[in-house]
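Single-structure report; data block below.
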Amino acid sequence: MKRPRPSTPLSPASAKQKRPPPPQTPPISSKNPKAHQKWVPLNLSQSELSLPLTFPTGQTFRWKQTGPLQYSGTIGPHLVSLKHLQNGDVSYFIHSTPSESTAKLALLDFLNVGISLAKLWQVFSENDPRFAELAKHLKGARVLRQDPVECLVQFLCSSNNNIGRITKMVDFVSSLGTYLGSVGGFEFHEFPSLERLSVVSEEELRQAGFGYRAKYISGTVDLLRSKPDGGAQWLLSLRKLDLPEVIVALCTLPGVGPKVAACIALFSLDQHHAIPVDTHVWQDLNEVEQAYIKNQPRFRSGFPPFQNHFAFFNLAVDKIATRYLLPELGGARLTPKLCNHVAEAFVSKYGEYAGWAQTLLFIAELPSQKALLPSHFQGIQEKRNSKRKDRNKCTSDDSYN
DNA sequence: CGGTAACCTGGGAT
DNA sequence: AATCCCAGGTTAC
């Protein structure tokens with residue numbers, strides 16, 4: 001009984017040649033040679049879906065760039081490529097699938113096509129000039145609707161880690177799944193089921209370079225497999241719950257804290273106002289908002305109703321206008337308890353799709369994107385102070401209650 | 001509760 | 001060359 005054992009531990013050696021000399025352009029399909037494949041246009045313009053702003057920007061580590069404006073990945077058992085046409089519209093190519101008809105449905109679902117990005121962003125922009133300015137340059141940054149198991153495992157790998165290594169770890173895990181084909185020099189596998197994941201021991205993961213995240217994955221997989229109706233179903237059932245319950249449920253899994261839980265909730269569980277709170281989020285609130293939160297310890301009730309938010313911040317503006325605030329407030333550290341307040345502030349500011357707004361703000365912070373923005377956006381260059389580093393941690397606390 | 005120190009690892013900066 | 005810092009954090013005191 002041979003298991004699909006990945007042949008490449010995350011050694012520095014094997015890591016080097018991540019870029020094969022790409023014979024990339026027309027995707028090479030492997031399986032299912034019969035299928036009469038071709039590029040098919042999607043009804044999506046670039047302002048609704050920008051591939052470069054959606055796939056390599058931190059919500060999934062499973063999609064690979066297989067061409068200049070082309071990305072490939074799997075959705076369930078389907079192997080798909082997406083690319084931009086000349087006019088910016090997106091078209092897709094199904095390389096391999098057990099069912100052509102379900103493949104497209106799965107793709108549309110995965111892309112959250114029922115949600116109009118343009119409409120959301122219009123509202124965000126009206127309420128926030130900074131967002132409006134960023135949005136002009138980063139159109140089409142969409143939130144995906146990923147498979148929960150796949151999303152969960154990816155973000156278990158992400159804790160206190162960097163993109164490059166996260167990607168290697170995710171590749172390792174992915175290779176346990178059924179091989180679906182190869183595009184542009186990359187091999188693609190269906191994401192492994194919990195059962196297949198359970199075949200790999202914590203020991204093996206650790207040996208493969210997962211570090212302390214090995215026990216997170218093993219522990220979470222085991223716990224999920226113990227659920228009555230199966231872990232995959234348990235995760236899917238969270239889609240019907242409200243955000244606070246979802247966060248609480250996810251945080252029962254080892255290795256899942258508030259941050260990872262928010263990522264999973266937003267990127268796979270339809271929790272559109274989940275906010276992964278980190279340093280960037282804190283800094284994305286202006287000093288007025290930061291100050292308000294700091295000075296209102298009572299502002300800690302459950303998730304705020306979505307009304308009242310303008311009065312809310314106007315009050316804060318008054319305070320700063322009267323010099324009530326001290327300069328140091330702006331640079332205040334993000335303490336764990338503030339995480340919830342920050343998340344609440346985001347929802348107050350952007351509404352029920354606040355997570356979609358935060359996604360753009362996060363992308364704008366990525367070095368790769370920052371370089372493309374006008375210079376006045378690149379301003380806030382944080383100097384590294386070797387003395388005290390702002391850790392900006394969120395501990396697992398009472399989540400949203 | 002709130003603050004802190006470990007926790008794995010590889011790559012880049014000093 | 002040796003060391004330090006950092007990476008979208010979580011956990012255990």
Side-chain angles (χ1 to χ4, degrees), chain A residues 8-16 18 56-61 141 143 151-172 202-220 223 247-248 250-267 274-284 294 297 300 332-343 346 355 358-370 382-399 401:
Chain A
T8 62
L10 311 179
S11 64
S14 68
K16 288 305 180 196
K18 204 56 224 181
T57 48
Q59 52 179 318
T60 176
F61 303 92
V143 171
C151 189
L152 167 57
V153 174
Q154 290 188 76
F155 281 95
L156 279 176
C157 295
S158 78
S159 79
N160 195 22
N161 206 349
N162 58 70
I163 305 290
R165 198 156 76 101
I166 295 168
T167 302
K168 287 175 202 161
M169 292 163 70
V170 170
D171 284 347
F172 180 93
E202 173 184 340
E203 188 94 13
E204 291 171 298
L205 289 174
R206 200 168 264 275
Q207 190 166 357
F210 280 64
Y212 57 79
R213 301 165 198 85
K215 65 177 182 300
Y216 292 167
I217 294 177
S218 294
T220 287
L223 184 47
I247 300 295
V248 167
L250 290 174
C251 285
T252 62
L253 302 171
V256 178
K259 163 68 188 311
V260 167
C263 289
I264 300 165
L266 175 62
F267 299 138
I275 307 291
V277 176
D278 68 356
T279 313
H280 296 319
V281 173
W282 179 239
Q283 290 165 355
D284 280 337
K294 264 197 66 101
R300 60 160 63 191
R333 291 183 308 132
L334 176 59
T335 62
K337 188 171 80 163
L338 286 181
C339 289
N340 287 335
H341 301 301
V342 172
F346 254 73
Q358 194 276 329
T359 294
L360 170 67
L361 299 176
F362 173 74
I363 290 173
E365 293 295 329
L366 295 175
S368 56
Q369 303 302 331
K370 221 165 184 172
E382 292 152 67
K383 57 195 167 209
R384 266 169 290 194
N385 194 339
S386 59
K387 185 149 291 199
R388 70 189 271 259
K389 32 196 233 173
D390 292 14
R391 272 281 135 185
N392 300 326
K393 289 174 297 192
C394 289
T395 61
S396 58
D397 60 349
D398 58 341
S399 70
N401 273 327

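Residue numbering restarts at 1 for every chain, and letters A, B, ... go by the order of the sequence lines.
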Residues in side chain to side chain contact (heavy atoms under 4.5 Å, CB included) with A:T220, at least two apart?
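A:T220 satisfies side chain to side chain contact (heavy atoms under 4.5 Å, CB included) with A:L152, A:L156, A:L224, A:L253, A:P254 only.
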Tell me, please, which residues at least two apart from A:A261 pass side chain to side chain contact (heavy atoms under 4.5 Å, CB included).
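By the side chain to side chain contact (heavy atoms under 4.5 Å, CB included) rule, A:A261 matches A:I247, A:L250, A:C251, A:V256.
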Side-chain touch [X]/[Y], heavy atoms, less than 4.5 angstrom:
{"X": "A:F61", "Y": "A:D171", "result": "no"}
{"X": "A:P276", "Y": "A:T359", "result": "no"}
{"X": "A:V260", "Y": "A:Y216", "result": "no"}

Find the distance [X]:[atom1] to [N]:[atom2] and express it as a whole number of Å.
{"X": "A:F210", "N": "B:dC7", "atom1": "CZ", "atom2": "C1'", "answer": "16 Å"}
{"X": "A:Y212", "N": "B:dC7", "atom1": "OH", "atom2": "P", "answer": "11 Å"}
{"X": "A:Q207", "N": "B:dG10", "atom1": "CD", "atom2": "C1'", "answer": "17 Å"}
{"X": "A:Q154", "N": "C:dG8", "atom1": "CD", "atom2": "P", "answer": "14 Å"}
{"X": "A:I217", "N": "B:dT9", "atom1": "CD1", "atom2": "C1'", "answer": "14 Å"}
{"X": "A:R213", "N": "C:dA7", "atom1": "CZ", "atom2": "P", "answer": "13 Å"}
{"X": "A:N160", "N": "C:dT10", "atom1": "CG", "atom2": "P", "answer": "10 Å"}
{"X": "A:L156", "N": "C:dG9", "atom1": "CG", "atom2": "P", "answer": "14 Å"}

On the side chain of A:R165, is there an atom forming a donor-acceptor pair with the base of B:dC8 - under 3.5 Å, no angle test?
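Yes.
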5′-ward residue of the pair A:I166/A:P254 relative to DNA chain C:
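Of the two residues, A:I166 wins.
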Closest-nucleotide ordering on DNA chain C, the 5'-leading residue of A:F155 and A:G255:
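So the residue in question is A:F155.
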What's the closest nucleotide to the [X] side chain, out of [options]?
{"X": "A:P276", "options": "C:dT10, B:dG10, C:dG8", "value": "C:dG8"}
{"X": "A:S159", "options": "B:dC8, C:dG9, C:dA7", "value": "C:dG9"}
{"X": "A:Q358", "options": "B:dC7, C:dT10, C:dG8", "value": "C:dG8"}
{"X": "A:K259", "options": "C:dG9, B:dC8, C:dA7", "value": "C:dG9"}

Below 4.0 angstrom from OP1 or OP2 of B:dC8, is there any side-chain N or O of A:R206?
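The answer is yes; a side-chain N or O of A:R206 sits under 4.0 Å from OP1 or OP2.
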Select base, sugar-phosphate, or nothing to describe what [X] touches, counting heavy atoms under 4.0 Å on all strands.
{"X": "A:I163", "value": "sugar-phosphate"}
{"X": "A:L253", "value": "sugar-phosphate"}
{"X": "A:G58", "value": "nothing"}

Considering only atom [atom1], compute the distance from [N] to [M] and round it to an integer number of Å.
{"N": "C:dT11", "M": "B:dG10", "atom1": "P", "value": "23 Å"}
{"N": "C:dG8", "M": "B:dA5", "atom1": "P", "value": "23 Å"}
{"N": "C:dC4", "M": "B:dA6", "atom1": "P", "value": "14 Å"}
{"N": "C:dA2", "M": "B:dC7", "atom1": "C1'", "value": "22 Å"}

Could you provide the dot-bracket string of DNA chain B, using ( ) for intrastrand pairs, [ ] for crossing pairs and | for bases paired to another strand, with Watson-Crick or G-U pairs below 3.5 Å?
..|||||.||||||
Restricting to non-hydrogen atoms, name the atom on [X] and the atom on [Y] that form the minimum distance, rounded to 0.1 Å.
{"X": "A:S158", "Y": "A:I166", "value": "CA-CD1, 3.6 Å"}
{"X": "A:C151", "Y": "A:F267", "value": "SG-CB, 3.8 Å"}
{"X": "A:R213", "Y": "A:N160", "value": "NH2-O, 3.1 Å"}

